[in-house]
Structure formats: structure tokens, C-alpha cells
Amino acid sequence: MSTNTIALTEFQTRPLTLRLHEWVSTVDHKRLGILYVLYALIFLALGGIEATIMRLQLIRPHNDFVSPEVFNRMFTMHGTTMIFFVAMPLVFGFANYLVPLMIGARDMAFPRLNAFSFWMSALGGLLLYFSFFGGNGLYGAGSAPDVGWFAYAPLTAKTFSVGHSTDFWTLSLLSSGIGSIGTAINIIATILCMRCPGMTLGKMPLLVWLNLVMAGLVILAVSPLSAAQIMLVIDRYLGGHFFDTQAGGSAVIWMHFFWIFGHPEVYVLVLPAFAFASEIIPVFSRKAIFGYPVMVLATVAIGFIGMSVWAHHMFTIGMGAGANTFFVLSTMAIAVPTGIKLFNWLATMWGGKIRYATPMLFCVAFLFQFLVAGLTGVTLAVAPLDWQLGNSYYVVAHFHYVIVGGILFTIFAAFYYWFPKVSGKMYDEALGKLHFWLFFIGFHLTFDFMHVPGILGMPRRIYTYEPGRGWDIWNLIVTIGVAFQAAGILVFAGNLVLSYLRGKTAGDDPWDAWTLEWTTSSPPPAYNYAVVPTVRSRRPLWDLKHPEDPDWRYE
Amino acid sequence: MSPTNIFAPVSTPAESIFGLSIFVLLTVAAIFVVVFSLLAYAAVRFRNKQGDDSSEPAQIYGSTQVELAWTVIPVLIVVALFLATARVIVSIQNAPRPPGALEVIVTGHQYWWEYRYPQLNIVTANELHVPVNGPAHPKPTFLTLLSADTDHSFWVPRLGGKTDLIPNHPNQMWIDPHETGLFLGQCAQYCGTQHAKMLLRVYVQSPEEFERWVHEQQQTAHPASSAGERVFEATACVNCHTVSGTPAIGKFGPDLTHLMSRDTIAAGAVPNTPETLRLWVKNPDAIKPGSKMPAMGLSDQDLDAVTAYLETLR
């Protein structure tokens with residue numbers, strides 16, 4: 001550790017500009033990972049503010065907290081921000097940081113591509129938010145995009161979207177899309193080529209497997225989205241008519257382009273969430289993951305089936321009975337591998353000695369919430385039910401159950417689990433639990449009760465609603481939940497900052513864990529491992545700690 | 001009770017969806033209870049208790065039998081759900097159109113609904129009138145769904161599921177309400193600034209009442225020549241609105257020939273009263289900011305005259 005101490009002092013006495021320059025010009029996978037995550041946290045705050053504005057507007061019928069134009073911008077920016085500039089960077093940030101460490105590598109396969117990809121994604125976020133200042137290309141045309149995060153044609157055509165707001169949206173997604181594809185290629189190359197001696201594909205930690213499939217999906221899903229953005233620019237500026245219905249273009253083809261991206265994107269986000277759960281649940285249950293080969297198979301199955309379900313977002317657009325039936329079947333089929341995963345986590349906990357530290361609390365809540373999210377997903381896979389519930393608040397509740405109740409909860413778990421490794425400091429357990437309970441209560445107030453107005457006929461994306469439809473009380477409760485969620489997020493941010501500044505030293509392996517990243521120092525040195533490790537099983541540290549009963553005897 | 005509850009169906013498509021939804025909800029509820037109980041049991045029973053020794057629990061790496069069980073059982077459940085779903089899809093989407101069916105062409109506009117009855121030669125807006133169905137008088141309504149601009153969606157939850165109105169992509173849906181009354185809904189696909197106030201009102205009437213309504217709507221307007229008519233026809237009103245039997249033949253906005261037969265204006269945003277009508281003509285943004293109707297900047301005197309004229313359109 002002494003070499004690290006010297007490096008740290010030297011680092012801290014350097015001038016600020018030099019230190020900042022090191023971060024801006026870095027090609028270190030760990031620093032880029034941290035940049036991704038910090039960047040995502042800033043956008044999480046922005047997206048949260050936008051959500052809060054929407055919920056204040058909807059707190060009662062015929063409210064006039066914001067104008068319809070502002071409301072429409074808020075839901076467009078909220079959706080775009082949360083998916084492209086919060087969820088994706090968080091996913092890539094953790095993958096960047098953890099994948100090389102967990103496979104015993106010293107960096108990603110292409111460090112410069114890695115830096116390039118991050119800065120392309122960062123540019124995308126800046127472009128999107130610059131629209132608040134630069135989007136007003138025509139007097140009175142409005143600033144930020146207001147076409148919805150799905151930007152259905154022909155609302156994005158010049159006829160209906162004057163000014164530059166849609167252009168900022170398009171270029172922002174194009175730019176971040178290039179970054180995403182770059183990082184996805186990098187993750188795949190790293191996993192396939194950079195594993196340490198002994199780590200066959202079958203001995204990789206599940207997190208690495210899940211990120212491998214995630215990266216494959218990114219390439220397949222983000223490419224058509226980027227192509228569609230280019231086509232939209234051609235429509236708007238070069239006289240193309242791909243989506244311009246006024247000139248014979250097709251609105252439906254945009255829907256296909258968008259959802260062949262949009263649905264696999266859900267799995268892009270949820271597979272890393274599964275990855276965190278698959279690492280954290282075993283460590284805190286003190287048991288090996290149950291059914292590792294089945295977990296891998298289920299992941300690959302989700303990847304393949306996930307590419308064939310996109311048109312379940314389009315059950316109401318008037319596809320024939322044949323197409324509707326196909327997408328019902330493929331969508332329901334994906335419940336099987338997802339269910340298998342849930343059962344395997346359950347079996348991992350079964351017979352264990354579960355320690356409820358903050359990461360495990362978030363993971364156990366994730367299991368319950370993901371169960372509900374999966375089951376409401378099955379109800380929406382039933383096309384006739386989707387004819388009623390599609391585009392209603394029931395759908396909004398369902399996918400927030402997936403993205404917040406599933407994905408965000410495991411991301412919080414991951415924050416607390418790896419914070420000691422990344423910062424070298426232990427977080428405050430009491431604050432962590434306070435964060436958990438505040439956010440848990442807020443989440444359930446908001447998203448449990450949000451299902452009801454959907455069943456009672458409330459469509460989404462409306463800036464106000466009529467009284468007397470039985471929606472008022474549910475909307476009030478939903479908005480109250482926001483206050484708890486916001487409080488939880490503040491405690492979370494406070495915990496990170498305070499613990500970083502004043503936390504206790506964590507040590508290399510505070511959780512008594514089993515994967516390679518816990519063998520190196522906290523934080524790891526730039527080169528990760530002084531000696532490249534050799535592994536014999538999926539849990540190299542278990543083997544080290546239990547030489548009398550190593551895993552490699554059973555695998 | 002909510003007037004837009006999907007669990008209170010009064011028309012065959014909504015009823016078959018309701019029946020299917022009960023089956024699906026009971027199935028997923030059963031799954032929920034079983035898995036929730038197992039999870040809760042494991043989470044509580046296997047927690048590390050005070051005073052436990054620090055030894056590790058038995059390491060179990062997997063079990064082929066157990067994995068097979070929780071693969072095969074979900075597959076069977078999926079097959080059952082799929083078959084039930086496919087049946088309802090086909091029964092609704094491929095339902096034959098009886099020869100006596102009423103045909104209505106619905107065109108979505110930013111932010112209002114146009115209804116054309118080609119068999120009856122009627123054009124109206126925002127308030128759809130259809131006859132009630134019974135064993136004695138089966139007369140389902142088949143809707144052809146078009147869009148004049150952006151995507152919209154026709155959703156009246158108690159009558160049926162939603163179907164989108166997409167430009168260059170004509171769609172079909174049908175309803176056969178068994179009860180008379182007013183059924184509410186609204187546009188369910190984001191279509192622009194005033195998507196929220198593109199409300200749907202479907203009046204299901206007895207055969208006699210429907211006949212009477214049809215007869216009224218088939219008349220041309222006979223407004224007494226008035227100052228209001230002069231203002232209306234000398235202003236840009238006529239570029240967008242039709243009043244049959246007069247020079248006003250615009251097609252961009254709602255047909256006003258029988259404006260006073262409607263209970264609401266601005267696609268259901270406000271009741272149709274002299275006050276709201278005057279305010280709507282004076283400043284549409286006061287009722288529906290972002291609507292496509294411009295304020296014509298009429299003097300108070302002209303406003304009174306136009307409002308009086310509109311009130312004669314019965």
C-alpha cells in the first residue's frame with residue numbers, strides 16, 4: 001500500500017488544472033467508468049426535476065402549474081434523459097469499471113475508443129440540453145423537443161415540428177448512439193480477448209456474461225436507431241420522404257425502427273441489473289449462485305428472444321391478427337427465461353445466511369418488485385388487454401416498475417456494493433438504510449397506485465385531465481410519493497459525498513466476496529493487478545479462502 | 001364509478017377483452033401469491049441471526065430437476081395464456097361485418113374528431129352518435145380510422161380497445177353497444193400540444209332516437225340572413241368551416257352545419273353555451289392553448305353577431 005500512499009500525496013499536491021486535465025484526457029477504464037457514472041448522476045437530477053414538474057402539474061385535474069407546451073417538453077426530456085443519459089451511462093460506467101477488473105485484465109481492449117465513446121455520449125447530453133437555449137430556431141417555435149421520447153412520425157416532420165428542437169433531439173441521440181456502439185464493441189472485444197489465464201467463458205463471473213450479451217444487444221439495437229435518426233435528418237433537410245406522410249412516407253416504418261431499438265433497449269438496461277443482482281445476492285447469502293449454466297443460457301435466450309418482441313409496442317396500430325398473435329407469443333415466451341432467473345436467485349438465498357446490508361436490501365426489494373413488473377408485463381403481452389391498457393398510465397406504471405423498481409434498485413445496490421472498492425472508503429450504513437426505506441416507500445406510493453388510473457381509462461402524455469373520471473385521488477397519491485423518492489435521492493447523494501470525504505477506510509475486501517476485483521487494493525491502482533491473476537473456478541477468492549473445499553472440485 | 005373503467009364493458013369487443021383479462025389476472029395473481037410467498041419465506045427464514053457462528057452455509061451449485069420444473073411449468077402457463085389470447089384476437093379482429101352494419105369514417109385532426117356517415121350522407125364532429133344493439137335490432141358500428149395529420153388513437157374504454165389513426169394507414173374497429181347512454185374516452189396517442197383535450201363522446205341511442213338524430217343531421221342549414229352570417233362569411237372562418245347550404249365550405253375545421261345539436265365544443269373541452277362559444281371565437285387559447293383555431297381579432301359587436309349566428313345553426 002505504501003506505493004499508493006506516495007502516489008496519492010503526489011496527486012493531491014498537483015495544481016487543479018493538471019488534475020482536471022488528467023480526468024479529461026484519461027483512457028483508464030476506471031476513470032472513464034467514474035466519469036460515466038458522475039455524468040449520469042447529474043442527468044438523473046435533471047430528469048428527476050422534469051418528472052417532479054410533471055407530477056406537480058398532474059396533482060389535480062385542470063391544474064395550471066405549467067402550460068401544455070412546457071408539460072410536453074418535460075415528458076419528452078424526461079424520457080430521453082433517463083434512458084439515454086442516465087440509464088445507459090450508468091450501465092456503461094459500471095461495465096467499464098468492473099468488467100476488466102473481474103476478468104483480471106489491466107484495461108479495456110481499446111482504451112482510446114473507450115475515451116472517444118464516453119465523450120461522444122457526453123456530447124449527446126449537452127446537445128440535448130442546449131436545445132433549451134438553441135432550439136428556438138423560429139420565433140415562437142419553442143425550445144426543447146416536445147415530440148415524445150419515441151418521436152413518432154409525422155410529428156417530427158417539418159410541418160408539425162418547426163424550429164430546431166427536433167434536430168437537437170436527433171443529433172443528440174445520433175451522437176450518444178455512436179458512443180454506445182463504440183463502447184459495446186469495446187466490451188465485447190475485452191471480454192473475448194482479455195480474460196486472465198484460466199478464465200474460460202464458463203468460469204467468467206455472471207456479471208461479465210450478462211454484460212457480454214448486453215453489449216451484443218446494444219450493437220443490434222442502437223444501429224437501427226442511429227439509421228433512423230439519419231433518415232429523419234434527410235427528411236427534414238434534404239427533401240427525403242421516409243417518414244413524411246404528407247408526401248406518401250410511412251409513419252409505421254418509424255415505429256418499427258424505433259421499437260426494434262426500443263424494446264431490446266429494455267434488455268440492454270435490465271441485463272446489467274440482473275448482473276448486479278447475480279453478484280450481490282450470492283455474496284450476501286453466503287452461497288454460490290444457484291444454477292450458473294442455466295443463468296447463462298437464460299441470459300442468452302433473453303438476448304435472442306428480446307430481439308423478436310418489438311412490435312408488442314404496436315398492438316394498437318392495426319397490425320393483422322397473425323402479426324399480433326406472433327408478437328403475443330414471443331413476448332410471453334420471454335417471461336420463461338426471466339422467470340428462471342428469478343427462481344435461481346431465490347434458490348441462491350434458500351439455505352443461506354443472508355446479511356441485510358444496504359446492497360442486499362436493494363436486491364431483495366428488486367426481486368419482489370421485478371416479480372410484479374414481470375407479471376404486469378405478461379398482462380400487457382396479451383394484445384387485447386393492451387388494446388385497453390396500451391398508452392395508459394397502467395403502461396407507465398409497468399415500465400417504471402421495471403426501470404425504477406428493477407433496474408434503479410439494483411443500480412443503487414451496485415453503488416453501495418462497489419463504493420468501497422472505487423473510493424477506498426466505507427459508506428455510512430445508517431444513511432444507506434435511510435435511503436433505502438425512503439426510496440422504497442416513495443417508489444411504492446408512486447408506482448403501485450399509478451396502475452389504477454390506467455385501468456380507469458387515463459391515457460399517458462396528457463398535460464391535464466378531466467375531473468369526474470375517478471382519477472383524482474390516485475394522481476394525488478402518486479405525486480405525494482415523489483417527495484419520498486426525492487428525499488431518498490438526497491440522502492443517497494449526501495451519503496456518497498460524506499463517505500468519500502470522511503468515511504472509514506474500507507480495506508480490499510470488506511464483504512468477504514469472491515470475485516477478482518476484491519483481490520486488488522481499494523481503489524485499484526491504474527494497472528489493476530501487479531501480477532495478472534490465474535483462476536481455476538468462478539469464485540477465485542473462495543478457493544483462496546477455503547483451500548480445503550475449493551469450487552474447482554465441483555465445477 | 002369511473003365512466004371510463006375498462007372493467008365495465010357494454011360492447012362485445014370490450015366484453016371479450018374483459019373476460020380474457022379476468023382469466024389473465026387470476027393466473028398472474030396465482031403466480032404472484034406463490035412466488036411472493038417463497039421469496040418472503042426465504043428472505044425471512046434464511047437471514048443471518050444474532051449469535052450465528054461465522055461458518056459458511058452449505059454450498060449448493062444447482063439442480064437439474066429443480067431447473068427443469070421451473071422451466072416446464074412456466075412454459076405450460078405461457079401456452080395456456082397464449083391460446084386464450086389468440087382466440088380473443090381472432091374473434092375481435094376477424095369478426096365478419098354484417099350487411100346491415102353502420103359505417104362511420106373517423107378522421108383524427110389536431111385536436112378534434114371528424115365523423116362521416118357515408119351511408120347516411122352526414123358529416124359531424126366530436127360527438128359520435130350510434131344506435132344501440134339488441135337481439136331485436138342488431139346494428140354494429142364499423143369505424144374506418146384515418147388521420148389528417150399526426151397519429152391519434154380512438155379509445156372509449158367501455159366500448160372497446162383502442163385503435164390508432166395513422167396517416168396513410170387506414171385502420172378498422174367495431175363496436176356494438178348494448179346500452180344507451182353517453183360513453184366517454186379520449187385520444188390515446190400523443191398528437192401534439194392539445195393531445196389532452198381531444199376528448200371522445202359517444203352517444204348510444206335507441207333506434208328511434210338515432211333515426212331522429214339522423215333526420216336532423218341530414219337537413220341543410222337555413223339560417224336567417226343576419227349580420228352574424230355576413231361577418232362569418234366575410235372573415236377567414238369559411239376557409240376552415242363548412243355550413244352546408246351557404247358559401248362556407250372549408251374542410252380544415254369541424255363542420256358547423258348543426259353546431260347547436262352538440263353538447264360541447266372544442267372536442268369536448270367545454271360545454272356548448274353562448275358564453276363559451278363567444279369566448280372560443282374571441283380567443284381559442286383561453287380554452288385550449290395551442291389549438292389550431294386562430295383568434296380572428298373581431299370587435300365586440302362582430303363577436304356578438306357571430307355568436308348569435310352560430311346559435312341559429314341547429
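Predicted model, so just to flag it, every value in this text is computed and none were measured. Throughout, a chain's letter reflects where its sequence line sits, starting with A, and its residues are numbered from 1.
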Which of the residues [options] is involved in the greatest number of heavy-atom pairs with chain B at under 4.5 angstrom?
{"options": "Glu69(A), Gln388(A), Glu466(A), Lys353(A)", "answer": "Gln388(A)"}
{"options": "Asp512(A), Thr348(A), Asn391(A)", "answer": "Asn391(A)"}
{"options": "Thr464(A), Leu329(A), Val252(A), Val364(A)", "answer": "Leu329(A)"}
{"options": "Pro459(A), Pro293(A), Gly470(A)", "answer": "Pro459(A)"}

Measure the shortest side-chain to side-chain distance between Ser16(B) and Pro384(A) over non-hydrogen atoms and say whether it is less than 4.5 angstrom.
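In short, these two side chains do not touch, never coming nearer than 4.5 Å.
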Between [X] and [Y], is there a donor-acceptor pair closer than 3.5 Å when you use the side chain of the first and the backbone of the second?
{"X": "Gln93(B)", "Y": "Met319(A)", "answer": "yes"}
{"X": "Ser21(B)", "Y": "Leu385(A)", "answer": "no"}
{"X": "Tyr356(A)", "Y": "Ala43(B)", "answer": "yes"}
{"X": "His546(A)", "Y": "Glu56(B)", "answer": "no"}

Answer with side chain, backbone, both or neither: which region of Asp386(A) has an atom nearer than 4.5 Å to a non-hydrogen atom of chain B?
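For Asp386(A), backbone heavy atoms alone lie under 4.5 Å from chain B.
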Where does Arg538(A) contact chain B at under 4.5 Å (heavy atoms): side chain, backbone, both or neither?
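Neither part.
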What class does the angle between the rings of Phe46(B) and Trp350(A) fall in, given that below 30° is parallel, 30 to 60° is tilted and above 60° is perpendicular?
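Geometry flag for Trp350(A) against Phe46(B): tilted rings.
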Taking the inter-plane angle between the rings of Tyr554(A) and Tyr61(B) on a 0 to 90° scale, is it parallel (under 30°), tilted (30 to 60°) or perpendicular (over 60°)?
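Parallel, since the angle between the ring planes stays under 30°.
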State, without any angle test, whether [X] and [Y] hold a side-chain donor-acceptor pair at a distance under 3.5 Å.
{"X": "Thr316(A)", "Y": "Asp164(B)", "value": "yes"}
{"X": "Tyr152(A)", "Y": "Gln189(B)", "value": "no"}
{"X": "Trp542(A)", "Y": "Gln59(B)", "value": "no"}

Listed partners of Arg460(A) passing side-chain hydrogen bond (donor to acceptor under 3.5 Å, both in side chains), at least two apart:
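Once residues adjacent in sequence are excluded, Arg460(A) has no partner under the side-chain hydrogen bond (donor to acceptor under 3.5 Å, both in side chains) criterion.
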Taking everything shown except Trp474(A) itself, do over 12 heavy atoms lie less than 6.0 Å from its CH2?
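Counting neighbours around CH2 of Trp474(A), 12 or fewer heavy atoms of other residues, nucleotides or ligands fall under 6.0 Å, so no.
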Distance-only donor-acceptor hits, side chain of residues 25-39 of chain B, under 3.5 Å, sequence neighbours excluded:
from	atom 1	to	atom 2	distance (Å)
Thr27(B)	OG1	Phe23(B)	O	2.7
Ser37(B)	OG	Val33(B)	O	2.5

